[in-house]
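Working notes for the structure below.
This structure is a prediction, so every number in the text was calculated from the model and none was measured.
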Amino acid sequence: MRLDVTVERLIPLPPATVAAYAMDWSHDHEWTRGIRHATLTREADGGGFGVGAEVTRTAHFLGRRFDYVLRVAGHHPPVVLDMVSAAGPTPMHVTYTFEPTQGGTFARIRVRGGSTGVHRLTALLSRPVRTSLAADLRALEARLTR
């Protein structure tokens with residue numbers, strides 16, 4: 001078994017607005033449930049945030065603290081931010097996409113996790129991960145539309 005969870009939400013704002021906020025690592029703790037702190041710990045090869053940059057996140061999930069590093073594998077604003085784990089308790093692949101629609105932006109978060117050894121347990125987390133990600137997208141919309 002493997003963790004593979006996708007959540008989606010229509011946010012009534014243009015993709016450029018939604019993506020600019022959501023793709024900025026310095027806002028991670030403001031809308032991403034469980035993240036207490038995020039730091040840009042490695043800049044992209046050309047400087048700043050982009051492919052090759054690394055963000056270290058401190059999160060709390062199911063009552064436990066996790067520190068993990070996500071490396072930017074794809075960065076195509078305002079459409080896609082794709083990140084893979086460079087360090088942390090479990091292999092992880094996180095993809096944010098923002099598609100234009102008549103009603104604004106169709107925002108999507110997909111999280112995939114490892115499937116070998118102890119990481120098989122991650123498949124049991126599908127429901128709480130889905131719940132958490134759905135709350136993240138609600139928080140993103142609330143933050144941007146208030």
For this session: State, to 0.1 Å, how close Ala44 and Val51 come at their nearest heavy-atom pair, and which atoms those are.
Result: CB-O, 3.3 Å
For this session: Supply the atom-to-atom distance Thr95 OG1 to Leu81 CG, rounded to the nearest 0.5 angstrom.
Result: 8.0 Å
Exercise. When hydrophobic residues are tied together by side-chain contacts of less than 4.5 Å, even through go-betweens, does Leu137 share a cluster with Phe106?
Worked result: no
Exercise. Do Val94 and Val5 share a hydrophobic cluster, counting only Ile, Leu, Val, Met, Phe, Trp and Tyr and linking them when any side-chain heavy atoms are less than 4.5 Å apart?
Worked result: yes
Seminar exercise, completed: So CZ of Arg143 and CH2 of Trp31: to nearest 0.5 Å the spacing works out to 11.5 Å
Exercise. Of all heavy-atom pairs between Leu10 and Glu141, which one has the smallest distance, and what is that distance?
Worked result: O-OE1, 4.0 Å
Problem set entry | Cluster link Tyr96 to Val84, ILVMFWY, side chain under 4.5 Å | no
Problem set entry | side chain to side chain contact (heavy atoms under 4.5 Å, CB included), paired with Val72, selected from Met83, Glu54, Met23 | Met83
Problem set entry | Same apolar cluster (I L V M F W Y, side chains within < 4.5 Å links), Tyr21/Val80 | no
For this session: Kindly say whether Leu13 contributes a backbone atom to a donor-acceptor pair with the side chain of Thr17 at under 3.5 angstrom?
Result: no
Problem set entry | Verdict with reasoning, His37 to His29, per side-chain contact (heavy atoms from CB on, under 4.5 Å) | CA-CA 6 Å; His37 186 71; His29 70 284; over 6 Å; no
Exercise. To the nearest 0.5 Å, what is the distance between CZ (Arg9) and CG (Leu140)?
Worked result: 9.5 Å
Problem set entry | Atom of Val55, atom of Ala38 and distance for their closest heavy-atom approach | CG1-CB, 4.1 Å
For this session: Determine whether the side chains of Thr41 and Thr56 contain a donor N or O and an acceptor N or O closer than 3.5 Å.
Result: yes
Problem set entry | Heavy-atom pair of closest approach, residues Phe98 and Pro15 | O-CB, 4.5 Å
Exercise. Can we say Arg57 and Asp67 salt-bridge, meaning some charged N sits less than 4.0 Å from an Asp/Glu carboxylate O?
Worked result: no
For this session: Could you go through the side-chain contact (heavy atoms from CB on, under 4.5 Å) check for Ser85 and Leu70 one step at a time?
Result: CA-CA 4 Å; Ser85 59; Leu70 293 176; 4.3 Å; yes
Exercise. Is a side-chain N or O of Arg112 found less than 3.5 angstrom from the main chain of Leu3, in a donor-acceptor match?
Worked result: no
For this session: Run the numbers on Arg110 and Asp4 for side-chain contact (heavy atoms from CB on, under 4.5 Å), then give the verdict.
Result: CA-CA 7 Å; Arg110 182 178 183 196; Asp4 191 345; 2.6 Å; yes
For this session: Specify the closest pair of heavy atoms between Arg33 and Ala135, including all atoms of both residues, with the distance to one decimal.
Result: NH1-CB, 3.6 Å
For this session: Could you tell me whether the side chain of Arg146 and the main chain of Leu144 form a donor-acceptor pair under 3.5 Å?
Result: no
Exercise. Just how far is it from atom CD1 of Ile11 to atom CD of Glu8, taken to the nearest 0.5 Å?
Worked result: 12.0 Å
Exercise. Is it true that a side-chain atom of Thr101 and a backbone atom of Gly104 form a donor plus acceptor pair closer than 3.5 Å?
Worked result: yes
For this session: Please check if any side-chain donor atom of Asp136 sits under 3.5 Å from a side-chain acceptor atom of Thr32, or the reverse.
Result: no
Exercise. After noting the C-alpha distance and the side-chain angles of Asp45 and Arg42, does the key distance pass the side-chain contact (heavy atoms from CB on, under 4.5 Å) rule?
Worked result: CA-CA 9 Å; Asp45 294 338; Arg42 180 177 185 251; 3.6 Å; yes
Exercise. Do the side chains of Trp25 and Tyr68 join up, straight or via other hydrophobic residues, at under 4.5 Å, putting them in one cluster?
Worked result: yes
For this session: Indicate, with yes or no, if the rings of His75 and Phe49 have centres closer together than 6.0 Å.
Result: yes
Exercise. Hey, does the side chain of Arg130 reach the backbone of Thr6 with a donor-acceptor pair shorter than 3.5 angstrom?
Worked result: yes
